[in-house]
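Worksheet for the structure shown next.
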Amino acid sequence: MTRTDDHKTDDTGPSGYAAARLHLLNEGARSGPPRRTALAGLTDDWLTGLFTAAAPTAKGISLVAVGGYGRGELSPRSDLDLVLLHDGSDPAAVAALADRLWYPVWDLGISLDHSVRTPAEARKTAGEDLKVQLGLLDARHLAGDLGLTAGLRTAILADWRNQAPKRLPELQELCAERAERHGELRFLLEPDLKEARGGLRDVTALRAVAASWLADAPREGLADARRRLLDARDALHLVTGRATDRLALQEQDQVAAELGLLDADTLLRQVYEAARVISYAGDVTWREVNRVLRARAVRPRLRAMLGGGKPVAERSPLAEGVVEQDGEAVLARTARPERDPVLPLRAAAAAAQAALPLSPHAVRRMAATARPLPTPWPAEAREQLITLLGSGRPTVDVWEALEAEGLISRLLPDWERVRCRPQRNAVHLWTVDRHLIETAVRASALTRRVSRPDLLLVAALLHDIGKGWPGDHSVAGEIIAKDVAARLGFDRADVTVLATLVRHHLLLVETATRRDLDDPATVRAVADAVGSESTLELLHALTEADALATGPAAWSTWRGSLVSDLVRRVCAVLAGEHPGTEPEPAAPTAEEERLAIEAHRTGGPVLALRAQAEPGPPEESAEAGEPLGVELVIAVPDQPGVLPALAGVLALHRLTVRTGGLRTLRLPDDVDDDGSVLLLDWRVAAEYGSLPQASRLRADLVRALDGSLDIMSRLAERDAAYPRRRGRAAPPPRVTVAPAASRHATVIEVRAQDAPGLLFRIGTALDKAAIRVRSMHASTLGANAVDAFYVTSGTGAPLPPEDATATARVLEEALRA
């Protein structure tokens with residue numbers, strides 16, 4: 001490396017180098033990588049001059065730069081990492097040379113990390129000290145015996161590659177310990193640019209992994225992220241005049257000005273974006289390292305078992321177009337992202353539900369080829385987003401994978417304003433975007449408390465979306481939430497609820513902690529703002545999720561009790577104004593009546609599978625909300641066991657129930673004065689693959705009703721043969737009795753994680769308890785099942801309160817088993 005002529009020194013002494021160095025650092029025209037390179041070149045020339053003057057004819061000795069200086073880059077206050085390498089033939093001459101090299105550096109006040117070693121000693125020390133080995137991986141010759149330096153570099157690289165199976169796990173553990181001590185760079189208000197997770201040390205670790213030839217980091221954006229952090233550190237050194245890596249609050253405005261940025265928030269956002277890229281690259285790289293090491297450990301045994309043949313990677317289906325392979329969610333061989341705009345969301349939801357990382361190769365392919373979703377979104381896309389948001393902790397990593405390739409901003413353009421946006425509030429642990437995802441994670445654990453978990457999860461994602469705009473973020477967020485919810489395909493009523501939740505997401509906690517709850521005007525004001533009990537239920541859960549996602553200081557037992565007290569008072573006001581009433585049963589359509597008459601005539605089930613109707617005009621489809629899957633209408637003579645039989649048959653055929661209704665239909669008087677038929681109108685979708693033929697479904701349903709098809713055994717056999725991957729731990733099911741919901745039946749509400757056979761287990765438990773299901777309203781919202789069963793005793797009367805409570809408890813225990 002050669003410095004430019006305008007920085008030549010008159011001599012090799014400290015004063016000449018110091019003057020040239022000062023001139024370079026004060027030169028405004030050069031900054032960033034050019035200045036770091038020029039400073040390294042200037043230092044190279046100075047040290048080379050010192051070496052040549054002290055040992056003009058020295059043999060078997062070389063001066064080597066290592067670490068950051070070895071990479072040819074120096075920040076204004078960086079220390080110098082040097083090794084004086086020698087062959088051991090003249091220790092006295094080497095010691096004298098070392099004094100003539102080190103003292104001029106110390107005289108200038110430059111920090112120096114130095115050592116004097118033979119190649120054998122350097123290799124031995126590297127083998128014992130991982131940090132030394134990492135520094136030597138960047139060894140660069142400065143002066144003296146070039147062959148000596150080249151030999152050491154070759155030996156160190158060979159040692160590193162040979163020892164990689166042992167050293168890389170050590171390096172990963174070192175990175176994890178450092179992250180534990182210094183935290184996540186992209187969430188800290190005063191981050192350490194070097195030591196925090198996602199900082200410059202992690203980039204060095206990724207270079208070391210690449211040098212091992214075992215794995216390599218995703219290169220997209222990584223070099224630019226590293227440059228941004230180095231530029232910020234350079235500016236920090238110049239502003240403070242110290243060799244510091246911590247970006248303290250009081251220095252951020254000056255550092256931003258030095259970099260030509262608008263303000264400290266702009267600086268932090270750039271730093272956070274860089275750290276996000278580096279952190280994601282680290283996650284992907286270490287996952288690949290561990291996969292390769294596991295494969296190397298298993299391969300000899302597999303070869304012995306297979307007679308030397310190459311094992312075929314196992315691929316297990318997760319969803320349509322998505323499979324599991326080598327511990328990742330990847331695209332199926334038949335997947336066509338260019339024809340399937342929902343695939344990115346389906347793959348993300350499947351990965352999160354299975355607690356699997358989403359393959360970066362799959363994400364990159366989908367980002368490059370997937371078509372944009374239409375507006376409004378199709379129902380499946382909305383459902384997959386809700387499933388992703390409701391998957392708990394695995395959502396975070398999957399969301400990061402989508403974010404790394406820009407898919408989130410393409411799906412939700414308003415996300416761009418909150419991405420990596422800092423929050424200058426000591427209470428907040430996260431940036432705005434991560435806080436929104438954390439809120440969804442927290443909300444996923446509260447989905448059993450609400451009747452519309454889909455609205456809760458989307459509100460969690462959007463509640464702070466207005467923080468990217470000037471003014472009150474709740475007011476701005478309300479406007480954005482209306483637009484986003486409409487684009488997602490929610491109907492007009494749901495859009496209004498979501499906008500209300502975003503507008504008033506701080507209302508409960510601020511009122512409960514700052515107002516007199518005994519004042520009727522306080523409670524009335526909240527009731528007027530919320531409008532309904534169902535919205536209040538959602539707002540209560542959102543308030544808790546938001547506070548828990550903010551940080552430990554934002555939520556406590558005391559705050560929770562105050563909010564619950566307020567909710568109880570508001571609920572009483574709302575209930576007094578809007579008493580619940582039982583919905584009137586819908587009149588049967590002509591086709592439903594025809595099916596019912598045929599079922600009565602034949603004495604067996606009659607069914608029809610109807611494809612989804614063509615969507616109406618745009619102005620109608622957004623309000624109606626198109627159904628998901630195909631419609632399955634079944635008429636069957638009223639008899640015990642219909643619900644578990646049908647639910648079990650659907651589970652055997654891997655059909656997911658999205659919505660489901662069951663009601664008793666009286667036959668026309670001219671057919672049978674006393675006859676009744678059960679009518680089931682369900683919306684179903686194939687878990688993956690295509691739908692079965694209606695004739696097969698009917699044949700299996702007939703067998704299930706007459707007892708010749710043992711559904712429970714068949715489901716158990718299938719689960720044993722193809723065990724489902726255990727993903728994240730879902731919240732436990734919750735079964736409650738809705739008070740005063742109906743005069744003619746007892747209403748039992750079930751909120752649980754949707755799973756194959758869930759309705760079968762519910763129906764079986766109710767059947768065993770001799771409970772008659774008068775009507776049913778089942779729905780699947782994302783990964784959550786929210787089902788209401790209107791049940792009676794065998795005589796057709798509502799259950800006594802104690803029996804209803806006992807039934808709910810038995811059903812909850814059956815679902816927990």
Side-chain angles (χ1 to χ4, degrees), residues 451 582-586 588 592 595-596 599-600 604-607 632-651 655 657-667 675-684 701 704-707 711-712 733-752 754 757-780 785-801 803-815:
S451 58
E582 180 181 0
E584 290 293 327
E592 289 173 343
L595 292 174
H600 175 71
V606 180
L607 61 85
L632 172 62
V633 183
I634 300 175
V636 61
D638 194 356
Q639 58 188 293
V642 170
L643 176 60
L646 176 58
V649 168
L650 295 182
L655 293 176
V657 178
R658 294 301 186 189
T659 62
L662 177 154
R663 68 183 192 272
T664 302
L665 185 65
R666 301 289 304 177
L667 294 169
S676 64
V677 170
L678 290 178
L679 186 69
L680 301 97
D681 188 350
W682 290 11
R683 184 72 57 176
V684 299
L701 181 56
L705 289 171
D706 67 21
I711 293 174
M712 191 170 296
R734 186 181 183 192
V735 182
T736 58
V737 179
S742 170
R743 298 189 308 274
H744 307 293
T746 299
V747 180
I748 294 180
E749 293 183 344
V750 178
R751 300 172 186 178
D754 186 39
L758 175 65
L759 272 177
F760 171 70
R761 296 169 67 192
I762 294 172
T764 301
L766 292 174
D767 209 45
K768 286 182 178 178
I771 300 296
R772 180 181 176 80
V773 179
R774 184 170 177 266
S775 66
M776 177 191 79
H777 306 275
S779 60
T780 303
V786 182
D787 304 334
F789 299 88
Y790 287 69
V791 302
T792 66
S793 64
T795 62
L799 303 180
D803 290 352
T805 302
T807 299
R809 187 167 57 250
V810 168
L811 184 53
E812 187 171 279
E813 290 174 356
L815 295 180

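Nothing here was measured: the structure is a model prediction, and the numbers come from that model. Worth knowing before you read on, the calculation uses all heavy atoms, side chains too, and leaves out hydrogens, waters and symmetry mates. Throughout, residue positions are numbered sequentially from 1 according to the sequence presented.
At a threshold of 4.5 Å between non-hydrogen side-chain atoms, the residues Ile762 and Leu815 count as touching. You'll find the side chain of Leu662 stays beyond 4.5 Å of the side chain of Leu679, heavy atoms only. Inter-residue side-chain proximity for Leu705 and Val642 is flagged as met; some heavy-atom pair is nearer than 4.5 Å. For the pair Arg663/Pro588, a side-chain contact is recorded, criterion being any heavy-atom separation below 4.5 Å from C-beta on. Side-chain contact between Phe789 and Val747 is absent, with no heavy atoms from C-beta onward closer than 4.5 Å. Counting heavy atoms from C-beta outward, Thr746 and Thr792 have side chains that stay 4.5 Å or more apart. Between Ile771 and Leu799, the closest side-chain pair of non-hydrogen atoms falls below 4.5 Å. Side-chain contact between Asp681 and Glu592 is present, with at least one heavy-atom pair separated by less than 4.5 Å.
Taking CD of Glu812 as the reference point, atom OG1 of Thr807 lies at 12.5 Å (rounded to 0.5 Å). The line from CG of Leu678 to CG of Leu665 is 9.5 Å long, rounded to the nearest 0.5 Å. To the nearest 0.5 Å, the span separating CG on Leu655 from CH2 on Trp682 amounts to 10.5 Å. The distance from atom CZ of Arg774 to atom NE2 of His744, rounded to the nearest 0.5 Å, is 6.5 Å. Annotation: the span from Leu680 atom CG to Leu643 atom CG amounts to 7.5 Å, rounded to 0.5 Å. The distance from the CE atom of Met776 to the CG atom of Leu766 is 10.5 Å, given to the nearest 0.5 Å.
Crowding of Arg751 atom CZ: a count of heavy atoms from other residues, nucleotides or ligands under 6.0 Å exceeding 12.
Residues Ala808 and Val737 share a closest heavy-atom pair of CB-CG2, 4.0 Å. Of all heavy-atom pairs spanning Val677 and Ala635, the tightest one is CG1-CB, 3.9 Å. The two residues Ala785 and Leu758 make their nearest non-hydrogen contact at CB-CD2, 3.5 Å. Closest non-hydrogen pair, Thr764 versus Met712, comes out as CG2-CE, 4.2 Å. Of all heavy-atom pairs between Pro637 and Gly604, the closest is CD-O, 3.6 Å. Heavy atoms only, all atoms of each residue included: Ala738 and Glu749 are closest at CB-OE2, 4.1 Å.
The closest donor-acceptor contact from the side chain of Thr780 to the backbone of Val657 lies under 3.5 Å.
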| request: Go through the steps to decide whether Val773 and Asp767 satisfy the test side-chain contact (heavy atoms from CB on, under 4.5 Å), and finish with yes or no. | output: CA-CA 9 Å; Val773 179; Asp767 209 45; over 6 Å; no

| task | Output, in order, the C-alpha distance, side-chain angles, deciding distance and verdict of side-chain contact (heavy atoms from CB on, under 4.5 Å) for Leu646 and Ile634. | result | CA-CA 9 Å; Leu646 176 58; Ile634 300 175; 3.2 Å; yes

| task | Given side-chain contact (heavy atoms from CB on, under 4.5 Å), test Asp638 with Arg772 step by step and report yes or no. | result | CA-CA 11 Å; Asp638 194 356; Arg772 180 181 176 80; 2.3 Å; yes

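For His777 and Tyr790, the gap between ring centers is short of 6.0 Å.
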